[in-house]
Amino acid sequence: MSMNYTLLKKAVSEEKLAHFLLFHGSGGEERYRAVLELAVMLNCMGVSQKPCRECSACKKILSGNHPDIHMIRPQKTSIGIEQIIALQTKIYRKTYEGRFRVCLIEEADKLTLPAANALLKITEEPPDQTIIILSTSNAQGVISTLQSRAQTVYFPPPGEKEWGDEVEDFRLSGGDPDLARMIGEYGSEQVKGWIRIYLDTINSGDFLQLFNLFPLEKEEVLLLLQLLAEASKEMIIKGKVQPQFLHEIGVAIEMIRRQVNSRLVLEVLAMKHIKLGGTEIG
């Protein structure tokens, strides 16, 4: 059963918070801020107001320097069992100075199966005063045994009004906050230029046009592919693009994340899309 963040904060105030949570939806930055907010609510040393954001506990948490707040991120493309074992050695000790230990596992859909199973054992016998939070934009990528054990908390994506002058980036991203921020780093006009070159290549069948994209770096190619995938979803619904088009983009993204040469992956993808007969995206 899923709950929203308002209900989560109510559970904290009533001391009914589950020890294992799954945050999903919205963007990574929004979920991370929610984790920090939860941590200060649990550990604030203020008297009249909690969280006060002024006591030493609040300041350490908000600055990322509290010894009882732990964070795990993927190393390269995954979160391995050695990272979970390292976490395990920490969380069964007494807390250093906080009332609660908070452990955040970002991009939890990247847990390898051994790592996920090791984490499952921890959740079966949770240490005292410890909250473990999985954070992901892809909740379905987390193995079902972890999903079923966790209290899920959904974060709706922000609306257009919250983006102000960057609303064009948000629209181009299909409403994905993480993608919108990446677009903002490069500028929407430049990003739209990449998309146009790619689409012109497959619509015309002139493979040589693709070379106008390089030298794009790996992260830039990933951004291009993610935006193509977002655009494809709507076009598939309208019957203007074959579902196979989106599948091939997904395969390409996975290959790049596995460190396959991004230029080679993009060239192969373009050839596959030309064989599919082009697209009406854009």
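Index from 1, following the sequence. Computed from a predicted model, the values in this text were never measured in an experiment.
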May I have the step-by-step check of side-chain contact (heavy atoms from CB on, under 4.5 Å) for K121 and Q88, ending in yes or no? CA-CA 10 Å; K121 291 181 180 179; Q88 185 177 19; 6.0 Å; no
Would you check, one step at a time, whether the test side-chain contact (heavy atoms from CB on, under 4.5 Å) holds for L246 with K233? CA-CA 7 Å; L246 180 59; K233 293 174 184 177; 4.0 Å; yes
Decide whether [X] and [Y] are clustered together by the hydrophobic rule: side chain heavy atoms of Ile, Leu, Val, Met, Phe, Trp, Tyr closer than 4.5 Å, transitively.
{"X": "I69", "Y": "Y92", "result": "no"}
{"X": "I133", "Y": "L36", "result": "yes"}
{"X": "L22", "Y": "L8", "result": "no"}
{"X": "F20", "Y": "V12", "result": "no"}
{"X": "V221", "Y": "F207", "result": "yes"}

For the residue pair [X] and [Y], establish whether any side-chain heavy-atom pair is separated by less than 4.5 Å.
{"X": "N4", "Y": "L7", "answer": "yes"}
{"X": "P158", "Y": "W163", "answer": "yes"}
{"X": "I143", "Y": "L120", "answer": "no"}
{"X": "P126", "Y": "I132", "answer": "no"}
{"X": "V102", "Y": "D68", "answer": "no"}

Separation of [Y] [atom2] from [X] [atom1] (nearest 0.5 Å):
{"X": "I105", "Y": "K110", "atom1": "CD1", "atom2": "NZ", "value": "14.0 Å"}
{"X": "L146", "Y": "L111", "atom1": "CG", "atom2": "CG", "value": "7.0 Å"}
{"X": "T201", "Y": "R196", "atom1": "OG1", "atom2": "CZ", "value": "10.5 Å"}
{"X": "L264", "Y": "L269", "atom1": "CG", "atom2": "CG", "value": "11.0 Å"}
{"X": "L266", "Y": "I249", "atom1": "CG", "atom2": "CD1", "value": "10.0 Å"}
{"X": "F155", "Y": "R33", "atom1": "CZ", "atom2": "CZ", "value": "10.5 Å"}

Does a salt bridge link [X] with [Y], judged by any charged N lying under 4.0 Å from a carboxylate O?
{"X": "R263", "Y": "E267", "answer": "yes"}
{"X": "K192", "Y": "E168", "answer": "yes"}
{"X": "R171", "Y": "E160", "answer": "yes"}

Quick one: sort the H273 and Y198 rings into parallel, tilted or perpendicular, breaks at 30° and 60°. perpendicular
Parallel, tilted or perpendicular, as decided by the 30° and 60° cut-offs, for the rings of Y154 and H24: tilted
Does [X] reach the main-chain N or O of [Y] with its side chain, forming a donor-acceptor pair under 3.5 Å?
{"X": "N117", "Y": "P114", "value": "no"}
{"X": "R101", "Y": "I91", "value": "yes"}
{"X": "E106", "Y": "M71", "value": "no"}
{"X": "T95", "Y": "E97", "value": "no"}
{"X": "H66", "Y": "A57", "value": "no"}
{"X": "E162", "Y": "G159", "value": "yes"}
{"X": "Q83", "Y": "G80", "value": "yes"}

Solution key, residues 42-55 side-chain donor-acceptor pairs under 3.5 Å, sequence neighbours excluded:
| from | atom 1 | to | atom 2 | distance (Å) |
| --- | --- | --- | --- | --- |
| N43 | OD1 | R99 | N | 2.8 |
| N43 | OD1 | F100 | N | 2.7 |
| N43 | ND2 | A39 | O | 3.1 |
| N43 | ND2 | F100 | O | 3.2 |
| R53 | NH1 | E37 | OE1 | 3.2 |
| R53 | NH2 | E37 | OE1 | 2.5 |
| R53 | NH2 | E37 | OE2 | 2.9 |

If you compare all heavy atoms of [X] against all heavy atoms of [Y], which two are closest, and at what distance to 0.1 Å?
{"X": "A108", "Y": "L134", "value": "CB-CB, 3.7 Å"}
{"X": "I236", "Y": "P243", "value": "CD1-CA, 3.8 Å"}
{"X": "C103", "Y": "L87", "value": "SG-CD1, 3.9 Å"}
{"X": "I122", "Y": "P127", "value": "CG2-CD, 4.3 Å"}
{"X": "F245", "Y": "I202", "value": "CE1-CD1, 3.7 Å"}
{"X": "R31", "Y": "S26", "value": "NH1-O, 3.7 Å"}

Check the pair S262 / L216 against side-chain contact (heavy atoms from CB on, under 4.5 Å), numbers first and verdict last. CA-CA 9 Å; S262 57; L216 286 185; over 6 Å; no
For [X], I'd like to know if atom [atom1] has over 12 heavy atoms of other residues, nucleotides or ligands within 6.0 Å.
{"X": "E124", "atom1": "CD", "answer": "yes"}
{"X": "E125", "atom1": "CD", "answer": "no"}
{"X": "R258", "atom1": "CZ", "answer": "no"}
{"X": "D128", "atom1": "CG", "answer": "no"}
{"X": "E29", "atom1": "CD", "answer": "yes"}

Are a donor atom and an acceptor atom from the side chains of D109 and T136 found within less than 3.5 Å of each other?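 Note: D109 and T136 side chains meet the donor-acceptor criterion.
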We want to know whether E230 and Q226 form a side-chain donor-acceptor pair, criterion being a heavy-atom distance below 3.5 angstrom.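 Judged by distance alone, the side chains do not pair up.
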List in chain and number order the residues that pass side-chain contact (heavy atoms from CB on, under 4.5 Å) with Q259, two or more places apart in sequence or in another chain; answer none if no residue qualifies.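 side-chain contact (heavy atoms from CB on, under 4.5 Å) check on Q259 returns T77, K218.
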Working note: I72 + I84, criterion side-chain contact (heavy atoms from CB on, under 4.5 Å); need CA distance, chi angles, decisive distance, verdict. CA-CA 8 Å; I72 291 178; I84 301 302; 4.2 Å; yes
